[in-house]
Amino acid sequence: MGYSDIYAAWKSDPEGFWMEQAQAVDWAEPPKQALFDRGDHIYEWFADAKVNTCYNAVDRHVEAGHGDRTAIIYDSPITHTKHTLSYAELQTRVASLAGALRAKGIEKGDRVIIYMPMVPEALEAMLACARLGAIHSVVFGGFAANELAVRIDDAKPKAIIAASCGIEPNRVVHYKPLLDGAIDIASHKPDFCVIFQREQEVARLEDGRDVDWHAFQYGVTPAECVPVEGNHPAYILYTSGTTGAPKGVVRPTAGHIVALNWTMKNIYNVEAGDVFWAASDVGWVVGHSYICYAPLFAGCTTIVFEGKPVGTPDASTFWRVISDYGVKSFFTAPTAIRAVKREDPKGELAKSFDLSKLQALFLAGERADPDTIEWAQKLLGIPVIDHWWQTETGYSIAANPTGLELMPVKIGSPSVAMPGYDVQILGEDGHPLPAGELGAIAVKLPLPPGTLPTLWNAADRFRKSYLDAFPGYYETGDAGMIDEDGYLYIMARTDDVINVAGHRLSTGGMEEVLAAHPDVAECAVIGVTDDFKGQLPVGFLCLNSGCNRPHEEITAEVVKLVREKIGPVAAFKLAVVVDRLPKTRSGKILRGTMVNIADGKEFKMPATIDDPAILDEIREALQTIGYAKA
Ligand code: COA
Ligand code: AMP
């Protein structure tokens, strides 16, 4: 059966479709019912079943006789280290870590924050939590102590598992002082912290609070897998929303296993024993789904790559890894390919590697620009597949299901809706729009298994952010259109979220930081188009009257402040002082118009603008920092 048959089969009987996919999972108690309607547009999947995530990722493969198969390849050009872990070794290590966590009181439902770089131990920590039914929350290493503190206060973890350091090309990232700082700032204090000491930096352990990763496992009884209810949260992953307070996306256990397992063959066309590589970071959803869980559910070999597309040591790294390990499906962000293309425009470095096993390159996390797709297609001679999804869904809403049927690639489109998703384009009045018309992209409820049922500690915010705008639909926050062939086009966000180098960031969050500067009376942050990173944040500052300090001093201070409060990943380096911000007569800042000016796009003068002359001032200010294209 091809794509349209499978999609039609799902649409005619969604519950039957997912019950069938559920057969690929090893259940402690199989589901009798697929969908549970909790009323008021809240749904859960497989809530009557019992299952364990770690058992499905690790133990079942060992029990089936595949213990010798490689589960994880660790390749770290940044530390010049490589090693592998078989499924049997992974089982032993995870059971031991889980046993040690249990001995220190971690039980089903307890939260554990994981703050680690791209080392296999990060996956082991995630799996050890899953083994116990503890709920992990991984925090990306590029965030500052303050962001970690916000997550500590929201998740209220009983334990934090951290590494002593991460390594960026230009510096060692001292995780331990960031962790200590975050715990100082946070009101909630964890019972204990487990520190994985790396040889690049051995951190000082806090008496009575910190335990060493190896020492605390000494002599413990390994833990068995604890079955949990199908709707038990597997993890919380914080992602950027409109304000500085991140949204804690909850991932339900059973649906997560069922859906991710389905995607491996049907979307990525890989099976047990194949090597699958997602070059992302465990701190993002791509890392959760496609570095850790999905490849392991499917019995594949996954690669934990600690490096960058360029500079570790050069733009050949991706091709070297693909060739060394016989990668069959490769997934990364368009920015990463742009980085390689920038360093090696003719792709000369790829030529000395055997890339014959590579079947397809998958891109997601941000818009895939046609130049990048075409460059990769020409270089690799394989399908380059754009696919669209979000932290909230955990896997593709729209993709080209290469294992089911390779559909014609339309450059600029992440192809078609996947089974589970009835995607519609809605007008402002909430009615579906015809093909070719631009509107809000929404998904008819219920969302499929594995997608977020709520936000952690924030059921009201969940409703307001996703369900209230269009009753009966999930609002994705993206705008776009669907063409006559059912191909989707993602054009822009409808909220204050921007995408910088494939990283999802909140301009609202940055504005909160700028507004806290004592000289700033008012501010706005917009995302301007950038050829390399997709978007870049630019800050506009209006100063308090009477402030006569040099503008360069103040802009340098706010740049430093964003790095300190949010983290280097915000990539906030551009700020400019202006006299006024363009506003509507009712006082709303016209951020969209400012973006159009920066990007040199034609735009209609907003009818409600208070004073059109301000737009010229904005253009001039952008020109002083090299960003007004017209
Ligand atoms: N820990 C600490 N700091 C980090 C970090 C981490 N895990 N990841 C990034 N940073 C820092 C960088 O060192 C950089 O710091 P600097 O300002 O001191 O140079 C800053 O955050 C901005 O990083 P980034 O925007 O990633 O820019 P870059 O120039 O360092 O790298 C790319 C550019 C394209 C190589 C890189 O962004 C990349 O590989 N992108 C792919 C994105 C991706 O995988 N996204 C996941 C979704 S699929
Ligand atoms: P994240 O939750 O970090 O995965 O970011 C999700 C957001 O990134 C989406 O809502 C989109 O705005 C954007 N995005 C992800 N994938 C794509 C894609 N293939 N094309 C365009 N935008 C994308």
Side-chain angles (χ1 to χ4, degrees), residues 78 115-118 139-144 163 165-175 178 237-241 247 249 278-291 305-312 315 317-318 331-343 362-369 373 385-399 412-415 441 452 475-480 488-495 497-505 530 532-537 559 562-563 566-573:
I78 212 155
Y115 187 49
M116 298 183 91
M118 284 295 290
V139 179
F140 179 62
F143 283 123
C165 69
I167 296 144
E168 283 294 289
N170 53 359
R171 67 189 188 284
V172 171
V173 184
H174 310 289
Y175 275 42
L178 288 168
L237 179 57
Y238 288 89
T239 189
S240 299
K247 294 167 163 172
V249 168
S280 175
D281 188 287
V282 282
W284 307 115
V285 69
V286 176
H288 281 62
S289 294
Y290 292 107
I291 295 172
F305 171 75
E306 190 183 26
K308 301 274 173 179
V310 293
T312 59
T317 307
F318 277 179
F331 179 166
T332 193
T335 309
I337 299 295
R338 285 197 292 271
V340 173
K341 176 173 160 237
R342 196 162 76 163
E343 295 269 302
F362 290 86
L363 300 175
E366 57 175 327
R367 181 176 166 268
D369 56 291
I373 296 185
I385 307 293
D386 180 14
H387 57 328
W388 168 65
W389 48 295
Q390 316 180 302
T391 306
E392 288 83 346
T393 63
Y395 59 100
S396 300
I397 309 171
S413 164
S415 301
I441 311 179
L452 84 172
E475 187 190 9
T476 64
D478 284 305
L488 205 64
Y489 292 78
I490 315 297
M491 315 302 265
R493 288 287 302 190
T494 56
D495 56 12
V497 165
I498 58 169
N499 211 308
V500 180
H503 306 135
R504 175 167 160 180
L505 300 164
D530 180 70
F532 175 42
K533 292 196 176 183
Q535 282 182 298
L536 277 182
V559 164
V562 172
R563 195 177 172 95
I566 298 177
V569 68
F572 182 83
K573 298 196 169 150

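Atoms within a ligand are numbered from 1 in the order they appear, just like the ligands themselves.
- Annotation: Lys573 places an N or O atom under 3.5 Å from an N or O atom of ligand 1; distance criterion only.
- Taking only nitrogen or oxygen atoms, main chain and side chain alike, Lys533 reaches within less than 3.5 Å of ligand 1.
- The protein heavy atom nearest to atom 6 (C) of ligand 2 is Trp389 O, 3.5 Å.
- Residue Asp478 has at least one N or O atom closer than 3.5 Å to an N or O atom of ligand 2.
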Item to complete: Evaluate salt bridge (Lys or Arg N to Asp or Glu O under 4.0 Å) for Arg338 paired with Asp369, printing each intermediate quantity in order.
Response: CA-CA 9 Å; Arg338 285 197 292 271; Asp369 56 291; 2.7 Å; yes
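- Proximity to Thr391 (heavy-atom distance under 4.0 Å) selects the following atoms of ligand 2: 1 (P), 2 (O), 3 (O), 4 (O).
- Of all atoms in ligand 2, numbered sequentially from 1 with element shown, those under 4.0 Å from a heavy atom of Ile490 are 21 (C), 22 (N).
- Taking every non-hydrogen atom of Asn499 and a distance limit under 4.0 Å, the qualifying atoms of ligand 2 come out as 8 (O), 13 (C).
- With ligand atoms numbered from 1 in the order given, ligand 2 contributes 8 (O), 13 (C), 14 (N), 15 (C), 16 (N), 17 (C) to contacts under 4.0 Å with heavy atoms of Gly365.
- Here Arg171 has side-chain heavy atoms under 4.0 Å from ligand 1, and that is the only part of it that gets that close.
- Considering only heavy atoms from C-beta on, Ile291 comes within 4.5 Å of Met118 through its side chain.
- Relative ring orientation between Trp284 and Phe143 is described as perpendicular, the plane-to-plane angle rising above 60° on a 0-90° scale split at 30° and 60°.
- Note: Phe331 and Trp389 have perpendicular aromatic rings, judged against thresholds of 30 and 60 degrees for the angle between ring planes.
- Summary of contacts: the protein heavy atom closest to atom 5 (O) of ligand 2 is Arg504 CD, 3.5 Å.
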Discussion item. As a quick check of understanding, evaluate salt bridge (Lys or Arg N to Asp or Glu O under 4.0 Å) for Glu366 and Arg493, giving each step before the final call.
Written reply: CA-CA 11 Å; Glu366 57 175 327; Arg493 288 287 302 190; over 6 Å; no
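- Applying the 4.0 Å criterion to heavy atoms of His387 picks out, from ligand 2, the atoms 16 (N), 18 (C), 19 (N).
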